[in-house]
Every structure is written in structure tokens, then in C-alpha cells.
Amino acid sequence: MPETTAEFPRDEFQQRRQQLTAVLLERETPVLVVTSPEDIYYLTGYNNQGHFAFTALVLDTAGPPVLVAREMEAPTAAAQVPDCGFAGYGDSADPAVVLADTIRRTDSIPESVGYQPSSMSFPIMLWDRVRRRLPAMAWVDCADLLLGLRAVHSEREIACIRAAARLSDQGMHAALDTIGDGVSEAE
């Protein structure tokens, strides 16, 4: 399996999950359902163009994380996030069933589950079907959790931000060097 995904080695993603796990344990929330694509990437390195379909990361403080996504994403997940489990659903299946079953099978056996209620990638109708399948479960708003963790950057992240800023500067300088009287927008 590949040692790196994008700009970060596998251990960077593992460290991020460990930090998040520590916060979840402090909050006594043993399981977190992450549905925001940028947060799923931040925690795993999973990067695809299939986020139009429901995708979630079930982060269990007592066991391995599990990616819930379309079955056809299994090879991508295996290549990009070999340290996560995978629970796929077919195109004619209800992802709420797979997500609820994945939560039910966590090592923690949670009474409460954290989730991201403001995530545009967790439609209310899907969440409602998951809740109906897990009626005894308390749902905890954890929208702020990842925002706080992502606000403090690692050295690798800072290096990537600096590289992106340099590229942006080069693009702006090239544009400023090109503009002038009589120069078309296309040029």
C-alpha cells in the first residue's frame, strides 16, 4: 500500500485521528460520524470525485475507523486509506442502513454518537432514517470539533500552505505582468 496520500504521509492522518479521539473521549462521545468531505480527507486522505453520493467516516474511539461509501469506491478507498475499514452500499441500497449497521458494530457500543448537523453532505432525510434505525441513540452536535482541530496546523500543513501561496503569488505576478492597455482578457 502507498505510504503517502497527496502531500501527507499516512502517520499524519493517524495523528489527526488520535487527536480527535482524545477530544471525543473527553466529551464522552465514543463514536463520531464525519460527513463533510473536507473533514473526511483531513482525517484519512480519502480523495475522490464521488462526494455527490453519500460518504461518511465512522470514527470509533475503541476501534478502527470505517469509511461508508458506494461499493464502487472500494478500490479507491483500499488504495488511499488502507488503515480504514470499508462498508459499501449498492446504488439501489439505502446508505442509512449501512451507516446504522456500521455504528451498531463499533467496538464502543455507543449510547451517543457525534455528528456534523451543519454538513451539507448529510441530508436530513438520510439522517432521519439512520436515527429511526437507532432509536435509543443520543445524537451529539460535534460541528465545532474538527474546526478547532483543523485551526492548528502541523509543520507539514504549513509547508503546503506556503507552497500554495508561492504558486498563487506566481500566478498573480504573471497576470499583473500581462495586463495593460490593449491587452484582451483572453491574453
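Bear in mind that the values here come from a model prediction, so they are computed numbers and not experimental data. This chain uses plain numbering: 1 for the first residue, then up along the sequence. Quick note: numbers below take in every heavy atom, side chains included, and nothing from hydrogens, waters or symmetry partners.
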Taking atom [atom1] of [X] and atom [atom2] of [Y], what is their separation to the nearest 0.5 Å?
{"X": "Leu24", "Y": "Leu20", "atom1": "CG", "atom2": "CG", "result": "4.5 Å"}
{"X": "Leu167", "Y": "Met172", "atom1": "CG", "atom2": "CE", "result": "14.0 Å"}
{"X": "Leu59", "Y": "Ile40", "atom1": "CG", "atom2": "CD1", "result": "11.0 Å"}

Whether Phe54 and Phe122 hold their rings parallel, tilted or perpendicular, with breakpoints at 30° and 60°: tilted
Is [X] linked to [Y] within one hydrophobic cluster, defined over Ile, Leu, Val, Met, Phe, Trp and Tyr using a side-chain heavy-atom separation of less than 4.5 Å?
{"X": "Val130", "Y": "Tyr115", "result": "yes"}
{"X": "Leu99", "Y": "Trp127", "result": "yes"}
{"X": "Ile124", "Y": "Val34", "result": "no"}
{"X": "Tyr89", "Y": "Met125", "result": "yes"}

Using side-chain heavy atoms (C-beta onward) and a distance below 4.5 Å, is [X] in contact with [Y]?
{"X": "Pro37", "Y": "Ser121", "result": "yes"}
{"X": "Val113", "Y": "Val140", "result": "no"}
{"X": "Leu126", "Y": "Pro123", "result": "yes"}
{"X": "Gln116", "Y": "Val33", "result": "no"}
{"X": "Leu57", "Y": "Leu32", "result": "no"}
{"X": "Ile103", "Y": "Pro110", "result": "yes"}

When you measure from the side chain of Asp60 to the backbone N and O of Val31, does any donor-acceptor pair fall under 3.5 Å?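 Side chain of Asp60 to backbone of Val31, a donor-acceptor pair under 3.5 Å: no, none is there.
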Hey, mind stepping through Asp169 and Arg166 against salt bridge (Lys or Arg N to Asp or Glu O under 4.0 Å) and telling me if it holds? CA-CA 5 Å; Asp169 285 348; Arg166 280 191 296 278; over 6 Å; no
Candidate pair Thr35 and Thr55, rule side chain to side chain contact (heavy atoms under 4.5 Å, CB included), full reasoning: CA-CA 6 Å; Thr35 52; Thr55 304; over 6 Å; no
Taking the six-membered ring where the residue is Trp, are the ring centres of Tyr42 and Phe13 under 6.0 Å apart?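 Between Phe13 and Tyr42, which both carry aromatic rings, the centre distance is not below 6.0 Å.
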Considering the options Thr61, Asp83, Thr44, which one meets the side chain to side chain donor-acceptor pair (under 3.5 Å) requirement together with Arg17? Asp83
What closest approach, in Å, do [X] and [Y] show between heavy atoms, and which atom pair accounts for it?
{"X": "Cys142", "Y": "Pro117", "result": "N-CD, 4.4 Å"}
{"X": "Val183", "Y": "Ile179", "result": "CG2-C, 4.4 Å"}
{"X": "Ser112", "Y": "Pro30", "result": "O-CD, 3.6 Å"}

Between Asp144 and Arg27, does any NZ, NE, NH1 or NH2 come within less than 4.0 Å of an OD or OE carboxylate oxygen? yes
Begin from the C-alpha positions of Ser119 and Ser36 and carry the test side-chain hydrogen bond (donor to acceptor under 3.5 Å, both in side chains) through to its verdict. CA-CA 6 Å; Ser119 170; Ser36 177; 5.0 Å; no
Could you list the donor-acceptor pairs under 3.5 angstrom formed by side chains in residues 66-79, with sequence neighbours left out?
unit_1	atom_1	unit_2	atom_2	d
Arg70	NE	Asp91	OD1	2.9
Arg70	NH2	Asp91	OD1	3.1
Arg70	NH2	Asp91	OD2	3.0
Glu73	OE1	Tyr46	OH	3.4
Glu73	OE1	Asn48	ND2	3.0
Glu73	OE2	Asn48	ND2	3.4

After noting the C-alpha distance and the side-chain angles of Gln19 and Val23, does the key distance pass the side chain to side chain contact (heavy atoms under 4.5 Å, CB included) rule? CA-CA 7 Å; Gln19 288 177 313; Val23 175; 5.9 Å; no
Is the count of non-hydrogen atoms from other residues, nucleotides or ligands lying under 6.0 Å from Gln15 atom CD greater than 12?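 Enclosed.
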With a 6.0 Å cut-off (strictly less than), is the heavy-atom count around CD of Glu28, excluding the residue itself, greater than 12? no
Residues 131-139 side chain polar contacts: donor-acceptor under 3.5 Å, at least two apart:
unit_1	atom_1	unit_2	atom_2	d
Arg131	NH2	Asp128	OD1	2.9
Arg132	NE	Asp128	OD2	3.3
Arg132	NH2	Asp128	OD2	3.3

